[in-house]
K.L.:
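Just passing along the structure, written as structure tokens.
Lettering of chains follows the sequences in order, A, B, ..., and the numbering in each one begins at 1.
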Amino acid sequence: MFALSDLLTIAVDATENGIPYLHASLDLDRYDDVAQLLAETIAVRRIRNRRLLRVWRDHALGGDDNPIDARDERVLQESLLENVGTPDAPASDEHLHGFVAESLWLEIVEHVPMGPGTPVRVEGHDWSSTDPGGDGLTIYRQAEDLSFRLWESKYHGADTPVRDSVNLACRQINERALKYLARFSLVEQQITDDRVLALFYSRLPELWANRDPAAGVGIAVSAADADGSVFDRVSNYFELDAAQHQGHLSVTGDFPGFASKVKESLWSGCGSWNAH
Amino acid sequence: MERALNLDLLTGALGYHARLPSPTELQGLLSRIEVGLFTRQVEFDPALLDVGWYLQSVAVARTDLQIYEPTRQRQAHQVSGHIFDVALRSESLSELERLQYTFAAQIAYLGGGLTPNAGALLRRMAIDVEPEQLGDPGVVSLEVGILLLALDRPGLYPLLRRRATQLADVGVTFGSVTDSPWAVAEAVVRGVRALLEFMTYGRSASLARGQQILSAALAIDGADGDLESRWVAAHLLRTSDGLAQGAVWTALPPDAANAARAMTLGEPPVLQLWPPQLSFLAGDAEQPSPMDPAVRRVVLSFPTSAGKSLLAQLLVTVHLSNGQGDVCVVAPTHSLCRELGFALQRRLRTLGLQLHQDSLLGFDVPRPAAARVVIMTPEKLAGRLRSDPAGVLADFGMFVIDEAHLVADSERGWRLEETLSLLHELTRATHHRLLILSAALGSQAHVMAWLDPGSGVIARHEDWRGPRRLSVVYTTAPDWPSAGDEPAIGARLPRRVVPLSGVVHLRTGIGNTSVRGQFHDPVGTLVLRQQRAGNWTRDAERSSTQRRQLVPLIEHVSTAGSVLIVEATKTEAQRLAEELAATRPEDPNLFALTDLVRARLGDEHPLARIISTGIAFHHAALPVDIQSEIEDAVRAGRIRTLVSTSTLIEGVNLPFKSVIVAQRGYRDAEGYVEVIDGARLLNAVGRAGRAGRETEGWLILVEQDAFSDTMFEPLDRTGRDLEMRSTMATDAALEQLALLEAAARESEDAIFQTSVGAEADAFVSFIWFAAQALTELRDEVTEETVLAAVRSTLAWQQLDAAGRQRLSEVTSRAYGAFVLRPDEQRRRWARSGMSLPSAASIETAAAELLAAATEEVESLTLPMAIAWILGEGRLQTLLSLPENHRTGFKPRRNAPRTEAIPVDVMTLLIDWVSGAELQTLGETHLMAVAHEDYRYEQLAEFIASVFEHSLPWALGIIVAWVNEALDGQDSGFRLPEDLSAAVHFGVASRDALTLMIGGVRSRRLANRVAAIRAQQPADARGIRDWLSSQSVAAWRGDFEASPTEIADLLAFARDPNVQLVDRVLQGEDYALPYVPRIQLLFESPASLRREDGQPAPAPFAILVGDEVVGTVSVENHDDIELLTGIGIPLDISVRPGIPPNVVFRISAEAPDG
């Protein structure tokens, strides 16, 4: 089975104003494959019940014509379709596009090494569906040194420069970083038995507050296309060394169409909602 | 000391960081926020929240990692609590943010040792404890977490039950709840339930289970999507050890399980103790725990809101649990006795124990056998000790003296001091324990030396308080640039009109640094008039009065919560209240209270004119029951602005968000008279921001002069800085003693014939008292033994050698006179508690009465018996005693004392005892006082001083002496002993008297109930049984009873034999008869609900399904209200029978849900 990143064209050596960033692009002829694969990764993350995941897969792959019973339907709706909605009550484009962009970022960041390397831990998805907190945290280990990047993911669908969405993401990280880090820090330091890791987790807010070299930020943006500079002003927001920043730019051509395909793939696994 | 904005605290907690404000900047941000909250010009800087989250991460970092010092972590907790708390004032928060910040602030307050603030935060938000939908898992977790940290058991149990049901449905739907998005939230719900079980019942297995559940919740696979719940779980897990350490069950020794039960299941429930309480109870190397039975003297000097009363309740219940004898609680006023009694009663009832109020002078209310705690005033304890010292020591094993700083009171101080001193002397070597409480107990060394029985005194002084206090000085300043000139018109000279700005100066910490804020609109006008010479002078007619300038401030402050304004005089309090009410609309919710005040005081009384606006004044010239109605209305939040004199701040425990000290004194012909002295100011300060209700209190000092930092200095004083000076250790007292000693050198009879002053009289009376008590208790009494009692006084500790010599000399003279008197006279005079000259006068009056007494007196009505006993000039004799401070009435406020108006006091007294209302009494007897306000003010003060205090005292003595003689003569009849109680309460019948003695505060109600009963056919039942056969609705209709009066009647009608709370909490089933509406055939599960459409206190309806099958009878209302208020899950059922029963038991739900 392919990793999703295998289906994208990815370059990791780009920089803008010293800010390193990853450029991922999606070929139009691979839309369906990528959408299906992304839906699959979303389902794996969100459906905890193995039986139900099998049910979803069987229907998504078209191998089961049996209707999904009402109870399973409710479970799928509640666990899988947050920010997606149902054919009868689809989520808003804003929610869907943000969700797909974030899911795309999550798949790329987990599998594509860049900057400090491949993260040893990716904390993705928001804290709560109702809380507009940070979008993710990646943790890296280089030799004995641990570091982190705090991420914000955006879908850029407006006619304005992509840079505007990036700058908005920067402002949001600045506003929310300490809240995110403080809460994450508390939970993780209590779970781990690794003293070094516990020390690192418990110091996350301290590292951020002190602009420590171990602290960094990442901005991910998905857009139909991207002309001009995207990440060139990021460093203005954080007063960190350039290497403490990271960018992800996913250029998808028809992003709304792509997101719609992801949505339909998710629905297709839900049997009676098969939109094909 | 100020805490909230203290730079040292901020620096210690925060340190310096590239991305965060510096401590000084943080102080500035917080100060501006606080001033902004005050002036309603808030701009919340997001940087503050960054600091809040950062500090929380510092505070909760694992201690074993040793990243931060424990002190810093504690400081970080305190500061972050403050930040999240003020962030919650922002109006732009989402509901989720409100929950997050509340939870974060609670965690911070608990971690910072500011426990009560965690509960207070809940009062600002509403959590639906019976939600229809499950909703977001993070919200589910946050809500149960918040209720747990607020220790809100009555809210938490229903919510946990509802959530458990909803989550069980999720489990069915998903196959397993762990496969659902609510996996962590479900674990949080179960973990919270287990922790609550531990806090409530002290089961350590529940604690371990709760911790295990929460720990497992953090590691639930695939739970990333609900990190909100994981955050809650992590905090609760981390905090659970602290909660356990502070839990009542942990703090009390295993053999005090009963006391722990009384605290955790009594009302209000106390699941967690506060840091000063914990450390005090634990004891240390220097002093043992006060719970140690070997400890016999305990002095607690805690500021208001530091948990002193609760600690006293705990020590009382521990004492009772240990079987060390009953407890006598002493409080300075009837209203405080009542309040303390009410609080303690609701706790003792969980143990099946009763409490008894016995504060009447001149009449001993019979004590029920089950009453283990008796509450009385210092005067009553003094009277009982004088009458029967051996009995008092046999009756009680513990004496609790509340508000002990009363010792320094110029009028009543010596009475308390002599009582306490003799009690101390008599119990030096016995098991008796003395617990001394005060918020303003000064010089510790003197107090320690005073009360040391030789084995040491356990003393604790605390400055700790939960709510932070923000101190503000309010001044006004002319806004010169905005001044406008009015030109001269004809002969009228020019005027200059200057707007006055209201300026608040917020103190930012220790030292004299303040931040200034200003009200947007002017608060008044200064008008200057140009004189012919060209200079300008103030135009008093057109300029705003100082009172007027206060109105915008008060209006402003009252929008943030309830406010108490302290004035130095009754007149000012009244005028300010009237000014405030002038612009306020009427509140329909207050019409019932308004009607009641009108009925009692008349339509034209100032209070009757304003109270419907939610503003009231409170001072000693109001009748006691009206004072109580006002206090209840403040507690219930119906009255939110109260202007009072110092009587309120010394009395009951009323909560206010803000206290404004408008005046601390007044000027009269002799100069400035300070009314709000150090101790009173300290008490006023304590009223601002009550623990558990507010996280912050505003104390505002109003100053007339230009602002100076030194204006904050009076607020720096703590109880430690105040000296509690004995009234016998003053120059005036020593001078009187010198005069007396000189007179006694001339003639030994001078001791009981010459009154040289109140202090000397009181001291000689004490010697008489001590000599008599020692004679009754000891085999041999000498002058030296009596002198030992004098050495047991605070005065002795505080006097120098010359002063002590003076006390010794007068002691010698007084004891010399004592031994020369006949035994009977010694005993009588000692028991009277009066000065010896007064006792001699009463003895003469009693002898006259004895000669005239016939058995017919037993058949007289109360008013007639009083008229007969006090006839033949005896009333005048008693009014002339120096113990009586009021003898007549003046036509106008500024009339000289000599210009008295003629009032027939006997007729006034009989009208009073016959139940006439204040308005009627005024219109009948005091129409010569033209000014209506002053008429009722004088009348109320006369009644409080004479009819409610000195006259019943003296009357009780006369009746007791005559009865002793009648008994000695085998006369076969006695004078009624309850006459003094009838005078005290102003009631005409024994039914009314029984009601008043039983706790009903309204004499109107008591007289009306008694009058209606008198119209019914003769009934052998007592008044309680008669009332119990009726309903609340009938009371409301027949007696026109207000909610406060109904509450009093419910307490009175309570069946004292019911053991509902005690038995149910011990796990038993308990059945009570109820009033059926329909007949039942089978035992059925039932529920309780307040009856629809009935005003509070609404009776309980009993339902089977949705159908009302009956109502709780009035005699069981109080017990059921107490039991259901505890908040533990109950199973209720109804059982058929004649009469049918409602049965209560603790719910059989699994302990951890």
K.L.:
For A/Leu199, which atoms come within 4.5 Å of any heavy atom of chain B: side chain, backbone, both, or neither?
P.N.:
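Contact with chain B: backbone and side chain both.
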K.L.:
With a 4.5 angstrom heavy-atom cut-off, could you sort out which part of A/Asn174 is near chain B: side chain, backbone, both or neither?
P.N.:
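Both the backbone and the side chain of A/Asn174 come within 4.5 Å of chain B.
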K.L.:
Can you tell me if B/Gln245 and B/Asp241 form a side-chain donor-acceptor pair at under 3.5 Å?
P.N.:
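B/Asp241 and B/Gln245 do not have a side-chain donor-acceptor pair below 3.5 Å.
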K.L.:
Can you find a side-chain donor-acceptor pair between B/Gln106 and B/Asn117 that sits under 3.5 Å?
P.N.:
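No.
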K.L.:
Please flag which part of B/Ser176 lies under 4.5 Å from any non-hydrogen atom of chain A: side chain, backbone, both or neither.
P.N.:
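Neither the backbone nor the side chain of B/Ser176 comes within 4.5 Å of chain A.
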K.L.:
Which bit of A/Glu175 comes within less than 4.5 Å of chain B, counting heavy atoms only: side chain, backbone, both or neither?
P.N.:
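Only the backbone of A/Glu175 comes within 4.5 Å of chain B.
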K.L.:
Stepwise, does the salt bridge (charged side-chain N to carboxylate O under 4.0 Å, His left out) test hold for B/Glu228 with A/Arg183?
P.N.:
CA-CA 8 Å; B/Glu228 194 80 54; A/Arg183 286 148 53 94; 3.1 Å; yes
K.L.:
Is it the backbone or the side chain of A/Glu188 that comes under 4.5 Å from a heavy atom of chain B, or both, or neither?
P.N.:
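Interface part for A/Glu188: side chain.
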K.L.:
In terms of heavy-atom proximity below 4.5 Å to chain B, should A/Phe238 be classed as side chain, backbone, both, or neither?
P.N.:
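Contact with chain B: backbone and side chain both.
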K.L.:
Tell me, for B/Tyr16 versus chain A, whether the close heavy atoms (under 4.5 Å) come from the side chain, the backbone, both or neither.
P.N.:
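The answer is the backbone of B/Tyr16.
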K.L.:
Using 30° and 60° as the class boundaries, would you call the ring planes of A/Tyr180 and A/Phe184 parallel, tilted or perpendicular?
P.N.:
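Parallel.
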K.L.:
Side chain, backbone, both or neither: which part of B/Pro46 has an atom under 4.5 Å from a heavy atom of chain A?
P.N.:
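No part of B/Pro46 comes within 4.5 Å of chain A.
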K.L.:
Could you tell me which portion of B/Ile67 (side chain, backbone, both or neither) has an atom closer than 4.5 angstrom to a non-hydrogen atom of chain A?
P.N.:
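Contact with chain A is through the side chain of B/Ile67 alone.
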K.L.:
Hey, do the aromatic rings of B/Tyr54 and B/His17 have their centres closer than 6.0 Å?
P.N.:
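Yes: the rings meet the under 6.0 Å criterion.
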K.L.:
Ring-plane angle category for A/Trp105 and A/Trp151, please: parallel below 30°, perpendicular beyond 60°, tilted otherwise.
P.N.:
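It falls in the tilted class, 30° to 60°.
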K.L.:
Does a donor on one side chain and an acceptor on the other come within less than 3.5 Å for B/His77 and B/Tyr109?
P.N.:
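Result is no, nothing qualifies.
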K.L.:
Relative to the ring of A/Phe148, is the ring of A/Trp208 parallel (under 30°), tilted (30 to 60°) or perpendicular (over 60°)?
P.N.:
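Geometry flag for A/Phe148 against A/Trp208: tilted rings.
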K.L.:
I'd like to know which of B/Ser57, B/Ala104, B/Ala18 tops the heavy-atom pair count under 4.5 Å against chain A.
P.N.:
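Result: the option with the highest number of such pairs is B/Ala18.
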K.L.:
Using non-hydrogen atoms only, which part of B/Ser215 is less than 4.5 Å away from chain A: side chain, backbone, both, or neither?
P.N.:
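The answer is neither part of B/Ser215.
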